[in-house]
Structures are given as C-alpha cells and as structure tokens.
Amino acid sequence: LQATKFSYIISIEQNMEKHMNGQITVGELINPEKCYLSAAVDMEAAENFIQQAMDMIIQEAVKKGTNVKEKVCEWRSPEQLKQLLDLELKDTGESESKILQCCKDAIRYSVKTSHPRFFNQLFAGMEPHSMVASFITEAIKTSLYTYEVAPVFTLMEDVVLRTMMELIGWEDGGDGLFNPGGSMSNMYAVNLARYSYCPDFKENGIYSSSRLVMLTSQEV
C-alpha cells in the first residue's frame, strides 16, 4: 500500500512537469485514474530497468572484473576514449537501452581495481557484502547528520567509533567522524593539533595568536 501511494505521488509530480512542458492537457493532469495507471507503469518500468542494470553489473563488473583471464583495463588514450564514449550533455534524455549501453561502456573502459592482477596500496578489491551495503545506501539515499534522518546508520557509526577507541586504548571514550580520504583526514589532524596547542585560536584569530610552525618531510 505504501509503495502504491509513493508511486501515485511520483506520477502526479511527473504529470505536473509534463503539463508545464506542454506535453499533456489539464484534463489528463487531473484524471486520477490515469495518474494511477501511469504510476503503475512507471514503477514497473523502473523495476525492470534496475533489474537489467544489476544483471549487467554482475556480469561486466563483478564476473569479468575479477576474472584473471580478462584485462585489468581496456586502455585507450583520452582522444580515443572521447570517440568511443558519448559524453556530450544533451537537452533530451536517452532511451533505457542507450543508458544501459553507456553503463556497460563505462565499466568496460574503466580500471578493474578488483582484478587479481591489479596492484595498488589504495585499493582492497571487491568485497560482495560491502558492495551490497553500498547498494542499500544508494537506494535509501539518506544523509548521516542526525538520528532522525538516519537512525540505523547513526547507531552503526557510533558502534564502529567506540570499537576503534577501544582498540587504541581510549578507555574514557572520545569522539570521531569518518572522512572521505587521507587529505581530509590530515587537514582535520592539523586543525585538532592547532586547537590543542592554541585553544583560544577561534576567538583570537590567526593574527592575534602565536605564530605556528609545522615540521614536515621533504616529500610533502
């Protein structure tokens, strides 16, 4: 029932947009039965597209991407790749078959970091359970800034942070957050070090505080 209501709402929004673009009349817009039927068709089409896309991802990215007999990457120069891929931004949409082909091409010409012969310190390969978890987060499309918006993920984050604190010996607890990468983590670390050394830095500002010096390696 909830799915039906959701589909109905989506259909009304889509029909309103079509009416504003001159694609349907007012009579077609206010016809509830037609809206309901359109919602059912749209949802069925969406499910079919997602199923086709998932089958393609399993075949091209998971199976071929981890098969030692396949290439790590079908490398092309930037000029060649521009000719092979349709990357132009257009005013009109594409058919679902064209979208699926574009997805397939994107996988085909990308580096398969889960390939047995791909070696890099920043990659850990394909892990099926975490991949399914990423599908769930993309399907839910929530944000992790309050418990009201993401109750389950907020509790999961709290458990992981508390476990990490126990591993490094913080018996009194602490606080933490997850960062998108090493550069952001280093920036946070520098800010925390500055705040620890100069707790009044925010109030006094950079020109009224002591001059700070950072010691780094030559590589930095």
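All residue numbers in this chain count up from 1 along the given sequence.
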Inter-residue atom distance Thr216.OG1 - Asn186.CG, 0.5 Å rounding: 11.5 Å
Any pair counted as salt bridge (Lys or Arg N to Asp or Glu O under 4.0 Å), so long as it reaches residues 207-220, sequence neighbours left out: none
Hydrophobic cluster membership, Met54 vs Val132, 4.5 Å side-chain cutoff: no
Qualifying residues under side chain to side chain contact (heavy atoms under 4.5 Å, CB included), relative to Asn191, sequence neighbours excluded: Met187, Arg194
Thr142: partners by side chain to side chain donor-acceptor pair (under 3.5 Å), with sequence neighbours left out: none
For Leu212 against Cys198, the heavy-atom pair lying closest together: CD2-SG, 3.8 Å
Partners passing side chain to side chain contact (heavy atoms under 4.5 Å, CB included) against Met131 (at least two apart in sequence or in another chain): Val62, Met126, Ser134, Phe135
Short side-chain to backbone donor-acceptor contact, Ser196 and Leu192, under 3.5 Å: no
Linked, directly or transitively: Tyr207 and Val213 (ILVMFWY side chains, under 4.5 Å): no
Flag if over 12 foreign heavy atoms under 6.0 Å of CD, Glu203: yes
Ile206, CD1: over 12 other non-hydrogen atoms inside 6.0 angstrom: no
Connected via hydrophobic side-chain network under 4.5 Å: Leu81 and Leu87: yes
By side chain to side chain donor-acceptor pair (under 3.5 Å) - contacts of Gln83 (at least two apart): none
Pairs where residues 140-196 contributes a residue and the test ring pair (Phe, Tyr, Trp, His ring centres under 6.0 Å) is met, not counting sequence neighbours: none
Euclidean distance, Asp105 CG relative to Asp86 CG, rounded to 0.5 Å: 9.5 Å
Cluster check Leu177, Met184: I/L/V/M/F/W/Y, side chain < 4.5 angstrom: yes
Arg76 side, atom CZ; Leu85 side, atom CG - distance, nearest 0.5 Å: 10.0 Å
Polar side chain donor-acceptor pair, Ser185 to Asn179, under 3.5 angstrom: yes
Pairs flagged by salt bridge (Lys or Arg N to Asp or Glu O under 4.0 Å) wherever residues 142-160 is involved - sequence neighbours left out: Asp158-Arg162
Partners passing side chain to side chain contact (heavy atoms under 4.5 Å, CB included) against Lys82 (at least two apart in sequence or in another chain): none
Partner residues of Glu74 under the side chain to side chain donor-acceptor pair (under 3.5 Å) criterion, sequence neighbours left out: Arg108
Heavy-atom closest pair, residues Thr154 and Leu144: N-CD1, 3.5 Å
Which residues share a side chain to side chain contact (heavy atoms under 4.5 Å, CB included) with Ser95, sequence neighbours left out: Ser97, Lys98
Test item: side-chain donor near acceptor, Asp55 and Gln59, under 3.5 Å: no
Donor-acceptor pair, side chain of Lys63 and main chain of Ala61, under 3.5 angstrom: no
CG/Asn120: more than 12 non-hydrogen atoms of other groups inside 6.0 Å: yes
Residues Met156, Val152; criterion side-chain contact (heavy atoms from CB on, under 4.5 Å); working and verdict: CA-CA 6 Å; Met156 291 171 61; Val152 176; 3.9 Å; yes
Within residues 100-126 or reaching into it, pairs that qualify as ring pair (Phe, Tyr, Trp, His ring centres under 6.0 Å) - sequence neighbours excluded: Phe118-Phe123
Value rounded to 0.5 Å, distance of SG in Cys103 from CD in Gln52: 11.0 Å
Pairs satisfying salt bridge (Lys or Arg N to Asp or Glu O under 4.0 Å), at least one member in residues 120-147, at least two apart: Glu138-Lys141
Separation between CD1 of Ile50 and CD of Glu96, rounded to the nearest 0.5 Å: 10.0 Å
Spatial distance of atom NZ (Lys69) from atom CZ (Arg117) [nearest 0.5 Å]: 11.0 Å
Smallest separation among heavy atoms of Ser114 and Gly125, with atom names: OG-C, 3.3 Å
Side-chain donor or acceptor of Lys112 paired with backbone N/O of Ile107 under 3.5 Å: yes
Exercise: identify the closest heavy-atom pair between Ser143 and Ala150: O-CB, 3.3 Å
